[in-house]
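Heavy-atom basis, side chains included; hydrogens, waters and symmetry copies ignored. Remember, it's 1-based here, ligands and their atoms both numbered in the order they're listed. Since we're looking at a predicted model, the values are computed, not measured.
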Amino acid sequence: MNETINTLMTRQSVRSFKDTQIEEGDLKTILEAGLKASTAMNRQSWHFTVVQNRDLLDTISQAVAQVMRNTEVPSLVERASQKSFSCFHHAPTVIFLSSDKTIYSLADCANAAQNMCVAATALSLGSCYVASFAQAFSIAEGKKLLGSFNLPEGYEPVFSVALGYTEGSLPPAKTREWKVSYIR
Ligand SMILES: Cc1cc2nc3c(=O)[nH]c(=O)nc-3n(C[C@H](O)[C@H](O)[C@H](O)COP(=O)(O)O)c2cc1C
């Protein structure tokens with residue numbers, strides 16, 4: 001099979017990572033792949049923030065856990081109360097994609113995040129697209145953390161990509177329905 005098609009077909013979300021940090025060269029390639037994503041009117045309406053600071057990632061995760069507990073939904077409360085809970089699945093590197101909130105910015109950021117995940121697969125790294133972290137910024141404790149991102153004025157983090165070396169074997173790949181119709 002064509003190498004690019006094979007990479008697209010074999011990407012799957014990884015939720016168990018080794019502690020070992022990824023190579024700087026691989027990180028750069030993944031960032032460049034993100035920057036190469038299709039972007040409406042070439043506005044590049046994103047900002048990427050690489051976080052390799054375990055304490056910051058854990059603190060964001062704890063804020064997410066707090067929001068989950070506040071919902072009082074039993075399944076969420078149970079998940080958030082697990083000692084091992086990490087919305088980033090304990091990945092050693094997380095790239096946050098922030099939107100400038102212009103009309104197509106969410107699409108720009110989503111395209112970049114997907115490119116990063118596919119690039120990670122091509123480099124034999126595990127990746128997981130994570131959006132749930134954004135809940136952290138809905139509460140006061142989480143809002144304070146946003147300051148450490150030093151984002152350009154008007155930007156807000158919308159997606160993230162958790163990256164690292166895959167720990168253990170992957171679960172069976174999730175299947176997709178053929179939601180396609182043809183007009184010929
Ligand atoms: C916009 C978006 C948000 C996502 N947020 C999360 C998340 O917060 N946590 C997580 O573990 N996976 C998250 N995922 C990954 C999806 O759960 C995953 O892609 C889906 O279940 C299909 O599995 P696959 O990626 O292994 O094919 C997200 C994916 C997308 C596109």
> Under 3.5 Å, N or O to N or O, is Ala131 touching ligand 1 that way?
Replying inline: yes
Numbering the atoms of ligand 1 from 1, which are under 4.0 Å from a heavy atom of [X]?
{"X": "His89", "value": "10 (C), 11 (O)"}
{"X": "Cys128", "value": "10 (C), 11 (O), 12 (N)"}
{"X": "Ser132", "value": "7 (C), 8 (O)"}
{"X": "Gln12", "value": "26 (O)"}

> Under 4.0 Å between a Lys/Arg side-chain N and an Asp/Glu carboxylate O for Lys28 and Glu32?
Replying inline: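 Between Glu32 and Lys28 there is a salt bridge, with a charged N closer than 4.0 Å to a carboxylate O.
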> Is there a donor-acceptor contact under 3.5 Å from the side chain of Ser99 to the main chain of Ser105?
Replying inline: no
> Would a distance-only check, ignoring hydrogens and angles, find a side-chain to backbone donor-acceptor pair under 3.5 Å from Asn111 to Ser38?
Replying inline: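 Yes, Asn111 side chain to Ser38 backbone: donor-acceptor pair under 3.5 Å.
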> Which one of Cys117, Cys109, Ser13, Ala134 has a non-hydrogen atom at the shortest distance from atom 25 (O) of ligand 1?
Replying inline: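 Among Cys117, Cys109, Ser13, Ala134, the closest heavy atom to atom 25 (O) of ligand 1 belongs to Ser13.
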> Taking heavy atoms and a distance under 4.0 Å, where does Arg176 meet ligand 1: side chain, backbone, both or neither?
Replying inline: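 Side chain only.
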> What part of Arg15, side chain, backbone, both or neither, has a heavy atom within less than 4.0 angstrom of ligand 1?
Replying inline: side chain
> Closest non-hydrogen protein atom to atom 1 (C) of ligand 1, residue and atom name please, with distance?
Replying inline: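 Atom 1 (C) of ligand 1 sits closest to the protein heavy atom Tyr129 CE2, 3.5 Å.
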>> Tell me the protein heavy atom at minimum distance from atom 23 (O) of ligand 1, and give that distance in Å.
In response: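 Here the closest protein heavy atom is Lys174 CD, 3.5 Å.
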> Under 4.5 Å between any side-chain heavy atoms of Asp100 and Trp46, yes or no?
Replying inline: no
> Touching ligand 1 at all, Arg11? Heavy atoms, strictly under 4.0 Å?
Replying inline: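 Yes.
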>> Apply side-chain contact (heavy atoms from CB on, under 4.5 Å) to residues Phe88 and Ile60 and explain how you reach the verdict.
In response: CA-CA 9 Å; Phe88 304 112; Ile60 295 171; 3.9 Å; yes
> For atom CD of Gln21, is the number of surrounding heavy atoms from other residues, nucleotides or ligands below 6.0 Å larger than 12?
Replying inline: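 Enclosed.
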>> Is it the case that the side chains of Gln62 and Asp58 hold a donor-acceptor pair, with the cut-off being a distance below 3.5 Å and no angle test?
In response: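 On atom types as modelled, these side chains do not qualify, holding no pair under 3.5 Å.
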>> For the aromatic rings, using the six-membered ring if either is Trp, is the centroid distance between Phe96 and Tyr155 under 6.0 Å?
In response: no
